[in-house]
A.B. asks: 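Can you read through this structure? Questions will come right after.
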There are 2 protein chains.
Amino acid sequence: MNRHPYHHGNLRAVLLAEAERTLRDQGIDQLSLRDLARHAGVSHAAPRRHFADRQALLDALAEAGYQRLDDQLHAAIDIAGDDHRTRLRAVAAAYIRFATHDAALLELMYAVKSGPHSAALDAASGRLLTTFDNEVREAQQAGTLLPGDPGRVRLLILAIVQGIAGLITTGSIDARLADELIADAAELFTHGPR
Amino acid sequence: MNRHPYHHGNLRAVLLAEAERTLRDQGIDQLSLRDLARHAGVSHAAPRRHFADRQALLDALAEAGYQRLDDQLHAAIDIAGDDHRTRLRAVAAAYIRFATHDAALLELMYAVKSGPHSAALDAASGRLLTTFDNEVREAQQAGTLLPGDPGRVRLLILAIVQGIAGLITTGSIDARLADELIADAAELFTHGPR
DNA sequence: ACCTGAACACCGTTCAAGT
DNA sequence: ACCTGAACACCGTTCAAGT
């Protein structure tokens, strides 16, 4: 609200928030440091104090994205309660919600992860993986999920959930059909096809 | 081989070939019209005759990508022979081979498909979908694939295949583990989990 | 019909200088 | 400690002019 709020140390946060909005609304191609600086009311060189280059900003966005996704999965798990079938579907639904609401961010998260990345990013994505792993392991122990190597089962579930999210993002299917596909997949992974 | 080969009508093809190479080796961010023109030995404005803007070049790359992927799937099917189990796994393997060899191109193909696109692109992606559909339908009729709405079964298979490809692209798994996951998925979709 | 060269408005990045 | 302003090397795009 001040005329000079950026001398008080919140420029970094303001830039990140605006970048996340632009990423969601206009895509990564439209994300420009100079544009962010203009929106924040600072010179085009000011962001340099907080992000060494454009990639550093993208890394920070990805790290925050992993953190937020993990938070949302945990929230979904907490609401779902004790039944493992319900929990698994809640996690899948929460992941797909994130993937469709922040498709460009999720893509960025994976792209950043496959290149060289910071320890902080690694920790954030590691937490997400642990969240997934725990659910799969517990569901298997409870007999809800089909048996087999937990690592492979987790990867298969991850693949199909991410695949369904991709179908929505590319406009191949709508949310209603996505729900049916999740139900089909859940059936397959918990009961078997017949 | 001539000093002036671009007055003979092959600049478009040369630009497309070089663009495909750059996309594969260096990613879409490094793909610049001016750079392509330099490599081809023409002025920076020359590509304009063949591609209205950068997006038009990307559209052309995507269309060629759909065509080539469809060709490779048909080749894999032809080699696989008559057994539907073998054919399905051959299609999945061919798709994943394309997805890992041309990850950036495949991403571009989906991105272009979700935005506004040309009739030619629609036709090319339509042919690919038909190839998939035929395999699923035939495998279902032969009793190889689990029954149910063919459209939903096709989408589920598409999701898991694309999901596995994504896991490879992001470096989460290697080719050996990918093969095991495909085998797991094939088991799931043809026999059921137990 | 196809290509060139100059021009314009945008980038990311760097760096001396300001407060 | 943080921000500014000028500068540099790159883009994509446009357009008059050349062959």
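Quick caveat, the model's predicted, so the values are computed rather than measured. To find a chain, count down the sequence lines: A is the first, B the second, and so on, and within it residues start at 1.
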A.B. asks: If you count heavy atoms of other groups shown closer than 6.0 angstrom to CG of A/D78, is the number above 12?
C.D. replies: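 Yes, the 6.0 Å shell around CG holds more than 12 heavy atoms from other groups.
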A.B. asks: CZ of A/R12 versus C1' of D/dC3: gap in Å, rounded?
C.D. replies: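 After rounding, the gap between these two atoms is 17 Å.
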A.B. asks: Answer yes or no: does atom CG of A/D174 have more than 12 heavy-atom neighbours from other residues, nucleotides or ligands under 6.0 Å?
C.D. replies: yes
A.B. asks: Could you tell me whether the phosphate oxygens of C/dC10, OP1 or OP2, come under 4.0 Å of any side-chain nitrogen or oxygen in A/S32?
C.D. replies: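 No, because none of the side-chain N or O atoms of A/S32 sits under 4.0 Å from OP1 or OP2 of C/dC10.
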A.B. asks: Report the base-pairing partner of C/dA17 (Watson-Crick or G-U wobble, both distances below 3.5 angstrom), or none.
C.D. replies: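 With both distances under 3.5 Å required, C/dA17 matches none.
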A.B. asks: For the pair made of CZ in B/R38 and P in D/dG12, what is the distance, rounded to whole Å?
C.D. replies: 9 Å
A.B. asks: Using whole Å, what does the distance between atom P of nucleotide C/dC10 and atom CG of A/L31 come to?
C.D. replies: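 One finds 17 Å between P of C/dC10 and CG of A/L31, rounded.
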A.B. asks: Send over the distance from A/H39 NE2 to C/dC11 P, rounded to a whole Å.
C.D. replies: 11 Å
A.B. asks: So, B/E20 and B/R68, do they make that salt bridge, N to O below 4.0 Å?
C.D. replies: yes
A.B. asks: Kindly give the atom pairs (protein nitrogen or oxygen, nucleotide nitrogen or oxygen) under 3.5 Å for nucleotides 13-17 of chain C.
C.D. replies:
residue: C/dT13; atom: OP2; partner: A/R54; partner atom: N; Å: 2.9
residue: C/dT13; atom: O4; partner: A/R34; partner atom: NH1; Å: 3.2
residue: C/dT13; atom: O4; partner: A/H44; partner atom: NE2; Å: 3.4
residue: C/dT14; atom: OP2; partner: A/R48; partner atom: NH2; Å: 2.8

A.B. asks: Of the options B/R154, B/R87, B/R89, which is the one that meets B/E135 in a salt bridge (charged side-chain N to carboxylate O under 4.0 Å, His left out)?
C.D. replies: B/R87
A.B. asks: Within this structure, what is the CG-to-C1' distance between A/D29 and C/dC11, rounded to whole angstrom?
C.D. replies: 13 Å
A.B. asks: Is there a Watson-Crick or G-U wobble partner for C/dC3 with both distances under 3.5 Å, and if so, which one is it?
C.D. replies: none
A.B. asks: Tell me the interatomic distance from B/L57, atom CG, to D/dC11, atom C1', rounded to whole angstroms.
C.D. replies: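 Interatomic distance, CG of B/L57 to C1' of D/dC11: 15 Å.
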A.B. asks: Output the rounded distance in Å from CD (B/Q30) to P (D/dA9).
C.D. replies: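 These atoms are roughly 19 Å apart.
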A.B. asks: Report the base-pairing partner of C/dA9 (Watson-Crick or G-U wobble, both distances below 3.5 angstrom), or none.
C.D. replies: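 The answer is none; no pair meets the criterion.
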A.B. asks: What is the distance from NE2 of A/H50 to C1' of D/dC3, rounded to the nearest Å?
C.D. replies: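 Taking atom C1' of D/dC3 as the reference, NE2 of A/H50 is at 9 Å.
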A.B. asks: Would the number of heavy atoms belonging to other residues, nucleotides or ligands and lying under 6.0 Å from CZ of B/R21 be above 12?
C.D. replies: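 Not more than 12 within 6.0 Å, no.
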A.B. asks: Identify the residue among B/R54, B/E18, B/H44 that makes a side chain to side chain contact (heavy atoms under 4.5 Å, CB included) with B/L36.
C.D. replies: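 Among B/R54, B/E18, B/H44, the one meeting side chain to side chain contact (heavy atoms under 4.5 Å, CB included) with B/L36 is B/E18.
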A.B. asks: Do B/Q55 and B/D59 pass the side-chain hydrogen bond (donor to acceptor under 3.5 Å, both in side chains) test, and can you show the C-alpha distance, the side-chain angles, and the key distance before you say yes or no?
C.D. replies: CA-CA 6 Å; B/Q55 190 55 51; B/D59 288 356; 3.1 Å; yes
